[in-house]
Amino acid sequence: LSQSGPPGSKKFARPIFLTRPARRPTLHRMTEERAKSHAIMEKVLAQYPVGSVHSLTGIAAGLIHETCLLQTSAGRYVLQRLHPDLASDGILADYRAVTEHLADRAFPSPRLVPTVDGRFHVDQDNSRYRLITYVPGVSSDSVADCRMAGEAARMMGSFHVAMGEFRHAFISGRPLH
């Protein structure tokens, strides 16, 4: 760093890079990546019976999968490109068993949407995708107040009651995401 000001001062003029800073993507590179991503999404969505696509919007929240909100002529869905470590057939089968069990008990839960040929995922360009139904509500990364904490506790209690009779031999041995 380059220092300015009187000796001993902690003011710095401008950073001096000891290594070359990362190149910013050019407009051309960004356009190519966007076009490739758009083509992949078209191929993936063509395999689901969702009607015409009105919009596909990235959702920033989430830690593991790349997630988008999909609005179509048939309704709202959530499209996820699954993290490779959590995209096995076993994990998808376990996820399906849990979400169907919850939905059968009227607990708000997304459901896997089958492709036109009955599969519950699409493999495209070395990635695995799943489409799930949209569950309306609010997602939050933190607890704002005591009322919110109480509602979360009630929802968690309802989840445990709904899962109380769940009988399934998990295939994957991994936590569901």
Side-chain angles (χ1 to χ4, degrees), residues 22-141 155-156 158-160 162-163 165-177:
R23 287 179 39 200
R24 289 190 173 168
T26 64
L27 181 58
H28 176 72
R29 201 171 328 131
M30 289 169 53
T31 303
E32 283 178 355
E33 289 171 9
R34 187 172 291 136
K36 182 180 178 187
S37 177
H38 182 75
I40 292 169
M41 290 297 124
E42 282 184 345
K43 289 177 186 176
V44 169
L45 293 173
Q47 298 183 55
Y48 288 100
V50 294
S52 60
V53 174
H54 298 306
S55 65
L56 184 65
T57 309
I59 298 174
L63 301 172
I64 298 171
H65 307 301
E66 290 182 30
T67 305
C68 296
L69 177 62
L70 173 65
Q71 182 70 47
T72 74
S73 57
R76 292 172 112 179
Y77 302 91
V78 174
L79 178 67
Q80 293 184 307
R81 185 175 82 143
L82 304 176
H83 186 282
D85 291 343
L86 301 170
S88 71
D89 291 341
I91 288 176
L92 282 168
D94 293 342
Y95 180 90
R96 182 175 173 211
V98 168
T99 56
E100 286 184 358
H101 176 84
L102 291 169
D104 289 347
R105 278 144 187 83
F107 187 88
S109 175
R111 303 284 299 261
L112 284 167
V113 177
T115 62
V116 292
D117 61 358
R119 292 175 298 124
F120 289 98
H121 68 276
V122 171
D123 292 322
Q124 186 69 48
D125 290 353
N126 299 316
S127 291
R128 179 165 278 186
Y129 297 83
R130 72 178 171 203
L131 187 68
I132 56 178
T133 56
Y134 174 79
V135 177
V138 176
S139 178
S140 179
D141 293 332
M155 181 62 93
M156 184 58 110
S158 297
F159 171 80
H160 284 287
M163 291 300 293
E165 298 174 4
F166 183 66
R167 301 294 175 257
H168 172 75
F170 282 87
I171 300 166
S172 69
R174 301 283 309 258
L176 298 179
H177 294 89

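Quick caveat, the model's predicted, so the values are computed rather than measured. FYI, the numbering just counts along the sequence from 1.
Expressed to the nearest 0.5 Å, how far CG of L45 lies from CG of L131 amounts to 7.0 Å. From H65, atom NE2 reaches atom CZ of R130 across 4.5 Å, with rounding to the nearest 0.5 Å. Considering CG of L79 and OG1 of T57, their distance stands at 11.5 Å, rounded to 0.5 Å. The structure places CD of Q80 at 9.5 Å from CD1 of I64, a figure rounded to the nearest 0.5 Å. In this structure, CG in L112 is found 13.0 Å from CZ in R119, a value given to the nearest 0.5 Å. Taking CG from D123 and OH from Y129, the interatomic distance works out to 10.0 Å, rounded to the nearest 0.5 Å.
Between I132 and T99 the shortest side-chain heavy-atom distance does not fall below 4.5 Å. Under the 4.5 Å side-chain criterion, counting only non-hydrogen atoms from C-beta, L102 is in contact with F159.
Residues that satisfy the side chain to side chain donor-acceptor pair (under 3.5 Å) test with S127, not counting sequence neighbours, are R81.
Taking all atoms of both residues into account, the shortest heavy-atom contact from A87 to L82 is CB-CB, 3.7 Å. Residues V53 and L70 approach most closely at CG1-CD1, 3.7 Å, considering heavy atoms. For the residue pair G58 and C68, the shortest heavy atom distance occurs at CA-SG, 4.0 Å. Closest heavy-atom contact between I171 and A93: CD1-CB, 3.8 Å. Taking all atoms of both residues into account, the shortest heavy-atom contact from V78 to Y134 is CG2-CD1, 4.1 Å. For the pair G90 and S172, the tightest heavy-atom approach, listed with the atom from each and the gap, is C-CB, 3.8 Å.
Side chain of T72 to main chain of V50: a donor-acceptor pair is present (N/O by atom type, distance under 3.5 Å, no hydrogens or angles). The closest donor-acceptor contact from the side chain of T133 to the backbone of R111 lies under 3.5 Å. When atom types are taken as modelled, the side chain of S109 and the backbone of A103 share no donor-acceptor pair closer than 3.5 angstrom. Within the 3.5 Å criterion, the main-chain N or O of R167 finds no donor-acceptor partner in the side chain of H101. Using modelled atom types, one side-chain atom of H83 and one backbone atom of D85 make a donor-acceptor pair closer than 3.5 Å.
Under 4.0 Å is where a charged nitrogen must lie from a carboxylate oxygen, and between R128 and D89 at least one such pair does.
Ring geometry for H168 versus F170: interplanar angle over 60°, hence perpendicular rather than tilted (30 to 60°).
Annotation for D104: atom CG counts as buried by contact number, over 12 foreign heavy atoms lying within 6.0 Å. For D117, the CG atom sits in a packed shell: over 12 heavy atoms of surrounding residues, nucleotides or ligands are nearer than 6.0 Å. Counting non-hydrogen atoms of other residues, nucleotides and ligands closer than 6.0 Å to CE of M163 gives a total above 12.
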